[in-house]
Amino acid sequence: MCGIIGYIGSKPATPFLMEGLRRMEYRGYDSAGIAILDGATLVTRRAAGKIAKLEASLAAAPVAGHVGIGHTRWATHGPPTERNAHPHLSADDTVAVVHNGIIENANALRTALQDTGYVFRSDTDTEVVAHLVQELFDGSLEEAVIMALRKIEGTYGLAVVSSRDPGKIVVARKGSPLLIGIGEHEHFVASDASAILAHTRQVVYLDDGDVAVLEADGYRVLDIDALPLTRKVDKIDWELGAIERGGFAHFMLKEIFEQPQTVENTMRGRLIVEDGTSKLGGINLTHDQLMAIDNIIITACGTSWHSALIGEMMIEELCRIPVEVEYASEFRYRNPIVTDRTLCIVISQSGETADTLAAMREAKRRGARTLGLVNVVGSTIAREDDGGIYLHAGPEIGVASTKAFTSQVVALALFTLKLARKRGLSVTRGMEFAQALAALPAQIQQVLDRAEQVEHIAAEFKRAPNFLYLGRGVNFPVALEGALKLKEISYIHAEGYPAAEMKHGPIALIDEMMPVVFVAPHDAVFDKVVSNVQEVKARKGNIIAITSRDEPALQGLVDYEFRIPETVDLLTPILASVPLQLLAYYIAVQRGANVDQPRNLAKSVTVE
Ligand code: F6R
């Protein structure tokens, strides 16, 4: 979603701002802009559409200055036009503001400001902040911002500059992430570490309620009463290469191909094959607490919700503890049964998804312990959960989640193993599961080595207007995930269904035009899936099957087959999801779609 970047130092600000905006493009946006203090004047450049348009306008009329802020906007209040693009200026053009989040009392503030003569130039909620800061300014930008914040209700990551107090950027965070980057005689602010990684690895993650003042030679963190706070300096530990395409045509393809390593990284130092268990330092759950769990709720959105469904089956099968999976957006608005013996597992790649964060807070409020499975280090969910398992999948830049999904399933498997062994799973079964986990990286590589086969299947079906994905048991969520991947990047309508449920409605859709993807590895429900394949074949559907061995029962029924290596039933989703990621990718590429930045989508959904 929206992205914030700011620079203050001795060098020209524009290149830093534009590079930061480029690095945040993956998050999804529909307009962009910058504001730079050029001497005593604030100069803004904004453009609707892609950053290239903003670059063209800067090339035509460059802006000088060593202090500036920039923004990529994903429209919420008002259409994605130049006039609604950030930064927004105060009425007297002395204050510029960029903002992520939503100001809930914007209408009331707008009316009050209009009554005192302020004229608004955009439809955004953000503009009220610029006018408020102008109105309240009395010599110090941070004091004016703090006074303005006291009047604002809602969420914000904010960066503000003013020509009346020019040597600083004032930033503030409540419910929308912000970090400060520390350089040599220069400082940065960003909503996403990737925006500044090329220049510094030393960062301070701000907490909700923090206000900070950045100057070229230092920074101060304050609370809402302007009292100084101490915040620790963290080090970002990924390499720049992790946020670059490195020879791949798209980030999504790179991330699909990284999965042997990312799955390995999720397990590194945690899987203890010889004892058939796992070691998870961060979960902060004692033996007694693990034994006391009565029920588990897993909450998440989108792809992370699909991994939660797989986690449910793993935990129920091996730990015999009841598990419920909840869409985070639904969980927070109903009256769930949560006790102090409930463990709430929260899954989020970004660690910033608004609904997931709110669901976690709600579960905590109701007395549950929370366990976050998060990829982005230092993200809000990771900081607020009671314990966690970082995925260690590295930055995921492609909007369609791939490597985070397989790492989520692996992290769930590690947790299941630990809990199951505590709750009575035999060492022999634990070892069998652990050995299967250890074998996954090489097996994923075997799948990837045959990516061309999937590319060939994609070419056959790239013009299909609809797809059906079917699977049973632990592979039903894989069918959902396969369908989601296809629709989000290729814009083909696709549905995932439990294979046997098809008879209760979707079977009406099947004819010779309908490709049906069966996720059919040789597991406990394979024979049942064969019956469903026959039902589709009888209605002339085109069948693509993901199988794991030469299956005589499928001969003559399947039009295209892709073979994955064999593993234990509960881990088949990890191997079966990889060809489906590739299928979605190749179809989207062959249709000429923008794979890494699909329309309307944002990488991290920080609004409700
Ligand atoms: C799909 C996708 C989304 C996310 C969802 C949750 O490819 O990426 O469905 O999975 O928005 O995001 P996180 O995991 O960051 O909470």
As a quick check of understanding, evaluate side-chain contact (heavy atoms from CB on, under 4.5 Å) for Leu371 and Leu343, giving each step before the final call. CA-CA 7 Å; Leu371 178 71; Leu343 176 70; 4.2 Å; yes
Determine whether Val517 and Leu580 satisfy the following criterion, side-chain contact (heavy atoms from CB on, under 4.5 Å), listing intermediate values before the conclusion. CA-CA 9 Å; Val517 179; Leu580 301 189; 3.7 Å; yes
Starting from the C-alpha separation in whole Å, work towards a yes-or-no answer on side chain to side chain donor-acceptor pair (under 3.5 Å) for Glu25 and Tyr29. CA-CA 7 Å; Glu25 275 197 292; Tyr29 71 103; 2.5 Å; yes
Between Leu582 and Glu455, does the side-chain contact (heavy atoms from CB on, under 4.5 Å) criterion hold? Intermediate values first, please. CA-CA 7 Å; Leu582 288 167; Glu455 192 171 8; over 6 Å; no
Could you go through the side chain to side chain donor-acceptor pair (under 3.5 Å) check for Ser407 and Asn375 one step at a time? CA-CA 9 Å; Ser407 284; Asn375 194 34; over 6 Å; no
Let's go through Ile544 and Phe518 carefully: what are the C-alpha distance in whole Å and the side-chain angles of both, what is the deciding distance for side-chain contact (heavy atoms from CB on, under 4.5 Å) to 0.1 Å, and is it a yes or a no? CA-CA 6 Å; Ile544 303 160; Phe518 273 94; over 6 Å; no
Steps toward ring-ring contact (aromatic ring centres under 6.0 Å, His included) verdict (His250, Tyr585): CA-CA 9 Å; His250 296 95; Tyr585 171 78; 5.5 Å; yes
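Looking at Asp449 and Gln445, their side chains do bring a donor and an acceptor atom within 3.5 Å of each other. A donor and an acceptor atom, one from each side chain of Thr342 and Asn295, are located under 3.5 Å apart. A donor-acceptor pair shorter than 3.5 Å cannot be found between the side chains of Tyr497 and Asn532. Checking Gln259 against Thr402 by side-chain atom types alone, no donor-acceptor pair falls below 3.5 Å. When only modelled atom types and interatomic distance are considered, Glu551 and His522 share a side-chain donor-acceptor pair under 3.5 Å. Side-chain contact check for Arg366 and Asn335: at least one donor-acceptor pair (N or O, by modelled atom type) lies under 3.5 Å. Checking Glu481 against Ser577 by side-chain atom types alone, no donor-acceptor pair falls below 3.5 Å. A donor-acceptor contact closer than 3.5 angstrom links the side chains of Ser304 and Gln408.
Here the side chains of Tyr491 and Pro598 are in contact, with some heavy-atom distance below 4.5 Å. A 4.5 Å side-chain heavy-atom check between Met314 and Leu571 finds at least one atom pair inside the cut-off. In this structure, the side chains of Leu271 and Leu417 come closer than 4.5 Å at one or more pairs of heavy atoms. With contacts defined as side-chain heavy-atom distances shorter than 4.5 Å, the pair Leu419/Ile296 qualifies. Counting heavy atoms from C-beta on, the side chains of Thr266 and Arg270 come closer than 4.5 Å. Residues Ser307 and Leu412 are in side-chain contact: their nearest non-hydrogen atoms beyond the backbone lie under 4.5 Å apart. Contact annotation: the side chain of Ile298 approaches that of Ile347 to within less than 4.5 Å [non-hydrogen atoms, C-beta and beyond]. Annotation: side chain of Met360 is not in contact with side chain of Thr299 (no heavy-atom distance under 4.5 Å).
Using cut-offs of 30° and 60° on the angle between ring planes, the pair Tyr327 and Trp305 is parallel.
Here Arg563 pairs with Glu561 in a salt bridge; the nearest charged N to carboxylate O distance falls below 4.0 Å. The residues Asp386 and Lys364 are annotated as salt-bridged, a charged nitrogen and a carboxylate oxygen being separated by less than 4.0 angstrom. Lys403 has a carboxylate O that lies under 4.0 Å from a charged side-chain N of Glu258, or vice versa, which qualifies the two as a salt bridge. A salt bridge is defined here as a Lys NZ or Arg NE, NH1 or NH2 lying under 4.0 Å from an Asp or Glu carboxylate O, and Arg334 with Glu326 meets this definition. Under the 4.0 Å criterion applied to side-chain N and carboxylate O atoms, Glu535 and Arg539 are not assigned as salt-bridge partners. Between Arg361 and Glu384 there is a salt bridge, since a side-chain N of the basic residue sits under 4.0 Å from a carboxylate O of the acidic one. For the pair Arg23 and Glu244, the salt-bridge criterion is met [side-chain N within less than 4.0 Å of a carboxylate O]. In this structure, Arg472 does not pair ionically with Asp527, as no charged nitrogen and carboxylate oxygen lie closer than 4.0 Å.
Surrounding CD of Glu452 are at most 12 heavy atoms belonging to other residues, nucleotides or ligands under 6.0 Å away. Atom NZ of Lys503 sits in a crowded spot, with more than 12 heavy atoms from other residues, nucleotides or ligands closer than 6.0 Å. Other residues, nucleotides and ligands contribute more than 12 heavy atoms inside 6.0 Å of the CE atom of Met291. For Arg450, the CZ atom is densely surrounded, since the number of other residues' heavy atoms within 6.0 Å is greater than 12.
Listed for the Glu495 side chain is no donor-acceptor partner under 3.5 Å among the backbone atoms of Ala483. Checked by atom type and distance alone, the side chain of Asn542 pairs as donor or acceptor with a backbone atom of Glu512 at under 3.5 Å. Put simply, the side chain of Glu352 gets close to the backbone of Thr380: a donor and an acceptor are under 3.5 Å apart. Remark: the backbone N or O of Ala524 is paired with a side-chain donor or acceptor of Asp569 at under 3.5 angstrom. Arg591 places a side-chain N or O within donor-acceptor distance of the main-chain N or O of Lys462, the cut-off being under 3.5 Å.
To the nearest 0.5 Å, the span separating OG on Ser379 from OH on Tyr390 amounts to 5.5 Å. Between atom OG of residue Ser194 and atom CD1 of residue Ile397 there is a gap of 5.0 Å, rounded to the nearest 0.5 Å. The distance from the OG1 atom of Thr303 to the NZ atom of Lys485 is 3.0 Å, given to the nearest 0.5 Å. Atoms CG and CZ, on Leu318 and Phe415 in that order, are 12.5 Å from each other to the nearest 0.5 Å. Atom CE of residue Met514 and atom CD1 of residue Ile507 lie 11.0 Å apart, to the nearest 0.5 angstrom. If you take OG1 on Thr406 and CD1 on Ile574, they are separated by 7.0 Å, rounding to the nearest 0.5 Å.
Looking at every heavy atom in both residues, Ala459 comes nearest to Gln590 through CA-OE1, 2.9 Å. The two residues Tyr469 and Ala494 make their nearest non-hydrogen contact at CE1-CB, 4.1 Å. Closest approach of Val530 to Ala553, counting heavy atoms only: CG1-O, 3.9 Å. What you find for Cys2 and Asn100 is that their closest heavy atoms are CB-OD1, 2.9 Å. Across all their heavy atoms, Ile564 and Pro579 have their closest contact at CG2-CG, 4.0 Å. Nearest approach of Leu575 to Thr567, heavy atoms of both residues: CD1-CG2, 3.7 Å.
Applying side-chain contact (heavy atoms from CB on, under 4.5 Å) to Ile293 and the options Arg423, Arg369, Arg341 leaves one that passes, Arg423.
Taking the centre of each ring, Phe461 and Tyr560 come in below the 6.0 Å mark.
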